Amino acid sequence: MKLTARCKVFAAVPAILLVIACSLETASAQVKNRLSIATGGTGGVYYPLGGGFAALISKHLPGVEATAEVTTASVDNMKLLHADKIALAFTLPDTAWDSYQGQLKGLSEKIGVRALAALYSNYLHIVTLDGVGIKSINDLKGKRVSTGAPGSGTEIRGLRVLEAYGISPKDLKSQERLGVAESAGAMKDRRIDAFIWDGGLPTAAVLDLGATPGIKIHLIPHGDSVAKMAAKYGPLYFVATIPKGTYGGVDADVPVAAATNLLAVHARMDEPLAYQITKLLLERTADLVAVHQAAKEISLKSAVVGSPVPYHPGALRYYKEKGIKVSGAK
């Protein structure tokens, strides 16, 4: 076996220790770049999809090892990106836009956020139970409602939807700020009457809740909130439908507010790495569909639609090679 110069220094070390030392050195040399992907809570879509993409990166990009990190989602993810604590982030477009503009709650600085790709649609769920007297948004007044975890895109979008109907947290009997898994658990225990969640279809925690014996869930329609939100916040949202049968107890199509999730990085990411990650995402999408069916929405054409922030030069290079025009790109 040919030894590296560093290994030769340990020539006097017992053979077994020498093998271990050299093996560790070789493994360390092979992994040159460790990337963290900021996702969301374990009950949503970001986390399993992020875990699947981390596995793809680790498998197919030589010298790169990626891991998925549990976070409270979009707002938290943008702050982690700004602080250089993570390399990639899942985020909603409104949160990305606020970050880019320097208007993110709790952080006055502009964040150099750049998109790699638009991914799949997030559908705002307003979930309640049969028998609690909530059939419309206005019925949330005087009820116990979870509006999403602090530092989440759910909280931002959910409060904007309520605002469109003239409702503020002060109009609720109580405002909880729970993630989707915690909200579903609180609803099972009858500690809340409704919760807001913004995620892909289907969301595991809502699926589980709808399949729980003795519980019948309802989703509250709110598609008519979109026009008012667009007038105030810009064309970030659109009306979409959660199809009947998506969850147990949902017997009719439900029109809701929706937006497109983004896979984002910081402007400081090296161009070749951003290119490789974008290429991997769009050429190995089938592997992600095996992780979560929300990935069925990811495609080369849709990847360039829905981002209010600029695309990273590495992503733009990939799209240019594929003959895909990105709006606003030079």
Side-chain angles (χ1 to χ4, degrees), residues 38-40 45-46 49 71 73-82 86 88-124 148 151-161 163-164 198-200 223 225-240 256-269 274 277-278 281-282 294 297-320 324-330:
T39 62
V45 178
Y46 280 0
L49 201 59
T71 70
S74 296
V75 175
D76 194 21
N77 293 355
M78 291 296 95
K79 292 178 180 178
L80 291 169
L81 192 69
H82 182 62
I86 52 96
L88 295 100
F90 287 85
T91 183
L92 288 166
D94 42 13
T95 308
W97 179 245
D98 287 349
S99 303
Y100 181 74
Q101 295 283 88
Q103 297 174 352
L104 189 67
K105 186 177 180 180
L107 186 67
S108 59
E109 301 172 54
K110 291 184 178 182
I111 298 176
V113 56
R114 299 291 185 269
L116 293 187
L119 301 174
Y120 62 92
S121 297
N122 250 28
Y123 299 75
L124 192 80
S152 68
T154 291
E155 185 175 56
I156 289 176
R157 179 103 59 87
L159 293 179
R160 288 181 180 181
V161 166
E163 178 188 44
D198 195 54
S225 66
V226 170
K228 290 183 178 180
M229 290 198 297
K232 182 171 183 177
Y233 299 105
L236 300 170
Y237 311 110
F238 54 91
V239 180
V256 301
T260 303
N261 288 286
L262 307 175
L263 180 63
V265 297
H266 200 279
R268 60 178 162 251
M269 176 176 276
I277 292 172
T278 306
L281 171 70
L282 293 167
E297 294 186 40
I298 301 173
S299 72
L300 186 57
K301 290 185 178 180
S302 66
V304 298
V305 179
S307 174
V309 302
Y311 280 77
H312 192 284
L316 290 175
R317 175 159 71 94
Y318 178 75
Y319 295 128
K320 185 176 180 180
I324 300 297
K325 185 177 181 180
V326 178
S327 178
K330 296 180 180 179

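Being a predicted model, the structure only gives us computed values, none of them experimental.
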Distance-minimising heavy-atom pair for A264 and V113: CB-CG2, 3.7 Å
Under 3.5 Å, is there a donor on one side chain and an acceptor on the other for E297 and S302? no
Minimum heavy-atom distance A274-H312, with the two atoms named: CB-ND1, 3.3 Å
Are K232 and E163 side-chain neighbours, meaning at least one heavy-atom pair lies under 4.5 Å? yes
So, do V305 and T260 sit near enough that their side-chain heavy atoms are less than 4.5 Å apart? no
Residue pair V75 / E155, side-chain heavy-atom distance below 4.5 Å: no
Assess, by modelled atom type and distance only, whether the side chains of T91 and N77 contain a donor and an acceptor separated by less than 3.5 Å. no
4.5 Å side-chain heavy-atom contact, L262 and P308: yes
Take I156 and D198, measure what side-chain contact (heavy atoms from CB on, under 4.5 Å) needs, and give me the verdict at the end. CA-CA 10 Å; I156 289 176; D198 195 54; over 6 Å; no
For residues V161 and M229, determine if any side-chain heavy atom of one lies less than 4.5 Å from a side-chain heavy atom of the other. yes
Do the side chains of L282 and Y319 get nearer than 4.5 Å, heavy atoms only? yes
Before giving the answer on side-chain contact (heavy atoms from CB on, under 4.5 Å), spell out for S225 and Y237 the whole-Å C-alpha distance, their side-chain angles and the decisive distance to 0.1 Å. CA-CA 10 Å; S225 66; Y237 311 110; over 6 Å; no
Between N261 and Y120 (side chain of the first, backbone of the second, donor and acceptor by atom type, cut-off under 3.5 Å), is there such a pair? yes
Enclosure of Y123 OH (heavy-atom neighbours >12, cutoff 6.0 Å): yes
List the atom of S99, the atom of M78, and the distance in Å for their closest heavy-atom pair. OG-CG, 3.2 Å
